[in-house]
Amino acid sequence: MPKSPIADPNEDYPRWYQDVIAKAGLAENGPVRGTMVIRPYGYAIWERIQADIDARIKAAGADNVYFPLFIPESYLHREAEHVEGFSPELAVVTIAGGKELTEPVVVRPTSETVFGEQMAKWVNSYRDLPLLLNQWANVVRWEMRPRLFLRTSEFLWQEGHTVHASAADAAAYALRIHHDVYRDFLVDTLALPVLLGRKTAEERFAGAINTMTCEGVTRDRKALQLATSHELGQNFARAFDITYSDERGEVQTAWTSSWGASTRLVGGLIMGHGDAGGLRLPPRIAPTQVAIVVVRDEDGAVAKARELGDTIAAAGFRVKVDADVHAGFGRRAVDWELKGVPLRIDLGPRDLAAGQVTLLRRDSGEKSQAPLDRAPHLVGDLLDDIQAAMLAEATEFRDAATADVGSVEEALEAGREGVGRIEWARLGPEGERRLLDDGVSVRCIQRPDGSVPASEEEPDLQAIVARAY
RNA sequence: CGGGGAGUGGCGCAGUCUGGUAGCGCACUCGGCUGGGGGCCGAGCGGUCGCAGGUUCAAAUCCUGUCUCCCCGACCA
């Protein structure tokens with residue numbers, strides 16, 4: 001057995017993560033610290049993530065728009081908590097066109113303020129509500145400790161911004177997005193089981209009255225925030241004067257929400273499913289679902305492989321034929337494994353002689369044979385199986401990493417090792433601060449059944465605690 | 001900002017202490033042998049040693065200055 005091209009995840013998880021990104025060709029560091037060059041394979045994954053989330057957002061009734069990258073610095077200052085939260089990580093342009101600007105311009109770290117300013121103009125009557133907008137954009141948050149995909153100074157994301165006539169409408173919509181867009185996408189498409197819940201005051205978005213989160217669990221047993229939805233109350237509506245006339249002609253202040261998910265999702269995918277062999281992609285997100293590998297160019301193997309590839313592609317699957325025989329079989333086998341392609345179909349001399357193909361699942365490593373002419377019909381079921389098995393495995397892993405505990409000290413211990421679950425009433429804000437001193441945070445608060453509570457005051461709430469990325 | 005390290009072919013590094021023909025692995029190119037899990041042999045391409053100044057017959061190596069990056073601690077999708 002030759003040495004693995006990547007670090008052992010059990011020995012050095014951070015290095016394993018970097019190795020996977022490099023060897024699978026996902027991304028590289030950009031020339032400026034904290035920036036990221038996303039390579040074709042990584043971007044292909046992001047494009048599929050985008051397409052899926054975008055469809056769900058549209059199904060929830062929001063329309064896409066594009067707002068500017070540059071925001072007047074004064075906008076940020078209009079909402080006190082918002083500036084305070086974002087000031088440390090702002091990139092500010094003070095010189096442009098060779099001249100000092102009279103008012104500095106910030107590179108958007110998020111767009112609540114510009115949206116607020118504009119939406120105030122577009123909302124006049126209760127008939128204009130709800131106003132449901134979304135944009136796909138890049139944002140900049142100057143980070144001290146960047147990590148590819150997980151935390152980069154510039155990242156790509158989607159940010160939704162909505163205006164509603166009542167607190168209840170805004171809350172309901174934010175929750176709807178949380179469930180129908182984020183949770184469903186994460187579970188059904190990325191096969192990542194998530195913990196849903198409310199953020200504590202400590203962890204809440206700057207300017208929000210409530211933040212809801214989807215937390216994933218990585219293979220090194222840390223929590224990773226994968227998507228958030230915020231009820232902004234009337235904080236931004238007041239700051240930007242978003243008002244409307246109601247049915248009786250009385251002027252009312254509106255309620256807003258915002259919600260986002262970023263390129264961090266790619267990091268979540270890597271850390272949620274990857275193994276010692278590299279990346280493992282769930283079939284629904286994999287840019288290439290099936291790789292047909294020609295072992296040797298003999299007896300018309302290449303032509304057979306192409307024919308098989310065409311048949312499978314015609315059935316609607318994303319397939320690539322690897323006829324790059326000069327590279328040697330081992331090299332290519334390892335490469336497809338590193339890239340996490342869910343299903344490999346090998347076509348070698350032995351297969352051809354027997355009129356069969358060799359099937360290899362990336363999720364389990366399981367190898368099997370099937371008649372050549374049957375292969376195309378097996379692909380669909382196999383990919384479905386793999387998708388389901390990956391979700392099941394990840395769920396099992398998460399549950400095994402989770403411990404129910406009864407005291408703050410136990411919660412600290414559990415949170416250091418993996419995920420701890422403790423009654424929120426028992427932990428409380430004091431316990432939360434105690435955990436923070438040792439690098440463990442409350443990832444979210446949830447109901448006993450795992451659903452999102454409507455308020456922190458509900459009885460029997462559970463706090464999920466862990467170390468976080 | 002505090003503490004620690006590093007700048008040498010595309011990537012990863014040795015050489016620096018003790019100045020004297022710039023090296024190794026990977027990748028790349030060509031040829032051959034191989035071929036069901038990163039295969040082997042041979043031949044090549046490729047570097048003003050971060051930058052500036054100084055010492056010296058001679059500097060990757062010594063001196064001075066300067067810039068940059070990485071790691072560890074305090075913020076974060």
Side-chain angles (χ1 to χ4, degrees), chain A residues 1-6 14-15 18-19 22-23 28-35 84-90 108-111 137-147 149-160 182 199 202-206 208 211-216 223-230 258-268 277-278 293-298 301 322 324-339 344-354 356-360 362 365 367 369 436-437 439 441 443 468-469:
Chain A
M1 268 285 275
K3 200 166 123 265
S4 171
I6 56 176
R15 208 176 118 213
Q18 292 186 323
D19 285 350
K23 296 286 180 170
E28 295 174 5
N29 285 311
V32 171
R33 179 187 159 78
T35 60
E84 198 190 324
F86 281 104
S87 289
E89 34 188 3
L90 288 182
R108 66 178 160 222
T110 179
S111 306
N138 58 338
V139 286
V140 168
R141 299 180 186 175
W142 218 256
E143 295 292 348
M144 306 191 217
R145 280 171 71 64
R147 282 186 117 218
F149 289 114
L150 297 180
R151 204 184 306 108
T152 46
S153 288
E154 177 191 5
F155 58 90
L156 306 180
W157 77 345
Q158 143 285 308
E159 51 177 323
Y182 299 141
K199 286 293 189 186
E202 185 82 32
E203 302 282 329
R204 204 178 281 155
F205 175 76
T211 290
M212 292 172 284
T213 181
C214 292
E215 298 280 326
L224 180 65
Q225 183 173 305
L226 292 166
T228 48
S229 310
H230 317 287
S258 68
W259 24 277
S262 72
T263 34
R264 171 179 279 186
L265 289 169
V266 179
V293 180
V294 177
V295 176
R296 225 184 304 169
D297 186 12
E298 290 175 6
D322 175 359
D324 205 7
V325 290
H326 73 266
F329 178 78
R331 160 80 47 171
R332 294 176 291 142
V334 170
D335 215 59
W336 289 115
E337 186 169 304
L338 282 166
K339 285 182 175 297
R344 215 177 79 209
I345 302 180
D346 291 347
L347 205 54
R350 291 207 292 272
D351 295 307
L352 286 170
Q356 64 175 31
V357 294
T358 298
L359 301 164
L360 206 130
R362 177 63 182 90
K367 199 183 264 191
Q369 267 75 36
L436 274 176
D437 290 339
S441 56
R443 303 318 304 156
Y469 272 103

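Model, not experiment: these values are computed from the prediction. Values below: all heavy atoms of this structure, side chains included; hydrogens, waters and symmetry mates excluded. So you know, we letter chains A, B, ... as the sequences are listed, proteins then strands, and number each from 1.
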Any donor-acceptor pair under 3.5 Å linking the side-chain atoms of A:Glu154 with those of A:Thr35?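 No pair is found: no donor N or O on one side chain lies under 3.5 Å from an acceptor on the other.
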I'd like to know if the side chain of A:Ser258 pairs up with that of A:His230 as donor and acceptor (distance under 3.5 Å, no hydrogens or angles considered).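 Side-chain D/A pair, A:Ser258 to A:His230: absent.
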Say we look at [N] and [M]: how far apart would their [atom1] atoms be, to the nearest angstrom?
{"N": "B:C51", "M": "B:U8", "atom1": "C1'", "result": "14 Å"}
{"N": "B:G38", "M": "B:A27", "atom1": "C1'", "result": "13 Å"}
{"N": "B:G65", "M": "B:U55", "atom1": "C1'", "result": "15 Å"}
{"N": "B:U68", "M": "B:C76", "atom1": "P", "result": "27 Å"}
{"N": "B:C41", "M": "B:G5", "atom1": "C1'", "result": "40 Å"}
{"N": "B:C49", "M": "B:G10", "atom1": "P", "result": "13 Å"}
{"N": "B:G50", "M": "B:C17", "atom1": "P", "result": "15 Å"}
{"N": "B:G15", "M": "B:G47", "atom1": "C1'", "result": "14 Å"}

Report which part of the nucleic acid [X] touches: base, sugar-phosphate, or nothing (heavy-atom distance under 4.0 Å, all strands).
{"X": "A:Leu150", "value": "base"}
{"X": "A:Thr152", "value": "base"}
{"X": "A:Leu360", "value": "base"}
{"X": "A:Gly348", "value": "base"}
{"X": "A:Val325", "value": "base"}

Between atom [atom1] in [X] and atom [atom2] in [N], what is the gap in whole Å?
{"X": "A:Leu352", "N": "B:G35", "atom1": "CG", "atom2": "P", "value": "17 Å"}
{"X": "A:Arg350", "N": "B:G36", "atom1": "CZ", "atom2": "C1'", "value": "5 Å"}
{"X": "A:Arg443", "N": "B:A77", "atom1": "CZ", "atom2": "C1'", "value": "11 Å"}
{"X": "A:Leu90", "N": "B:C76", "atom1": "CG", "atom2": "P", "value": "13 Å"}
{"X": "A:Glu298", "N": "B:U34", "atom1": "CD", "atom2": "P", "value": "12 Å"}
{"X": "A:Arg264", "N": "B:C76", "atom1": "CZ", "atom2": "P", "value": "12 Å"}
{"X": "A:His326", "N": "B:U29", "atom1": "NE2", "atom2": "C1'", "value": "12 Å"}
{"X": "A:Asp322", "N": "B:G36", "atom1": "CG", "atom2": "C1'", "value": "13 Å"}

Between [X] (side chain only) and [Y] (backbone N and O only), is there a donor and an acceptor less than 3.5 Å apart?
{"X": "A:Arg332", "Y": "A:Asp322", "answer": "yes"}
{"X": "A:Arg264", "Y": "A:Leu150", "answer": "yes"}
{"X": "A:Ser441", "Y": "A:Arg443", "answer": "no"}

Check A:Glu215 with A:Lys199, please: is the shortest side-chain N to carboxylate O separation under 4.0 Å?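 Here A:Lys199 pairs with A:Glu215 in a salt bridge, since their nearest N and O are under 4.0 Å apart.
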Between A:Gln369 and A:Leu156, name the one whose nearest nucleotide on RNA chain B is closer to the 5' end.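 By nearest-heavy-atom nucleotide position, the 5'-most residue is A:Gln369.
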Using heavy atoms to find the nearest nucleotide of RNA chain B for A:Gly328 and A:Arg331 separately, return the residue whose nucleotide is more 5′.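 Its nearest nucleotide lies further toward 5', so the answer is A:Gly328.
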Give a yes/no verdict on base stacking between B:A77 and A:Phe155: centres under 5.5 Å, planes within less than 30° of parallel.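 A stacking contact exists, since A:Phe155 sits close and nearly parallel to the base ring of B:A77.
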Could you pull out all residues at least two apart from A:Glu298 that satisfy salt bridge (Lys or Arg N to Asp or Glu O under 4.0 Å)?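 By the salt bridge (Lys or Arg N to Asp or Glu O under 4.0 Å) rule, A:Glu298 matches A:Arg296.
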Which nucleotide in B:A77, B:G36, B:G38 has an atom nearest any side-chain atom of A:Val295: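 Output: B:G36.
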Using a cut-off of strictly less than 4.0 Å, decide whether A:Arg147 has a side-chain nitrogen or oxygen near OP1 or OP2 of B:A77.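 It does not, given that no N or O in the side chain of A:Arg147 lies less than 4.0 Å from OP1 or OP2 of B:A77.
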Write down the protein N/O and nucleotide N/O pairs, taken from nucleotides 67-75 of chain B, whose separation is under 3.5 Å; answer none if there are no such pairs.
| unit_1 | atom_1 | unit_2 | atom_2 | d |
| --- | --- | --- | --- | --- |
| B:C70 | OP2 | A:Arg33 | NH1 | 2.9 |
| B:C72 | OP1 | A:Arg145 | NH2 | 3.2 |
| B:C72 | OP2 | A:Arg145 | NH1 | 2.5 |
| B:C72 | OP2 | A:Arg145 | NH2 | 2.8 |

Is it the case that the base of B:G36 and the side chain of A:Thr358 share a donor-acceptor contact (distance under 3.5 Å, atom types as modelled)?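 Answer yes: a donor N or O sits under 3.5 Å from an acceptor.
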Show me, range against range, the stems involving RNA chain B, built from at least 3 consecutive Watson-Crick or G-U pairs below 3.5 Å.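 So far as stems of 3 or more pairs are concerned, RNA chain B shows B:1-7 with B:67-73, B:10-13 with B:23-26, B:28-33 with B:39-44, B:50-54 with B:62-66.
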For A:Arg33 and A:Glu143, run salt bridge (Lys or Arg N to Asp or Glu O under 4.0 Å): C-alpha distance rounded to whole Å, both residues' side-chain angles, the deciding distance at 0.1 Å, then the answer. CA-CA 9 Å; A:Arg33 179 187 159 78; A:Glu143 295 292 348; over 6 Å; no
A:Gln369 atom CD, neighbour heavy-atom count above 12 within 6.0 Å: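 Atom CD in A:Gln369 is packed in, count exceeds 12.
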Stepwise ring-ring contact (aromatic ring centres under 6.0 Å, His included) check, A:Phe149 with A:Tyr469: CA-CA 11 Å; A:Phe149 289 114; A:Tyr469 272 103; over 10 Å; no
To the nearest 0.5 Å, what is the distance between CG (A:Leu156) and CG (A:Leu265)?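 CG of A:Leu265 is found 11.5 Å from CG of A:Leu156.
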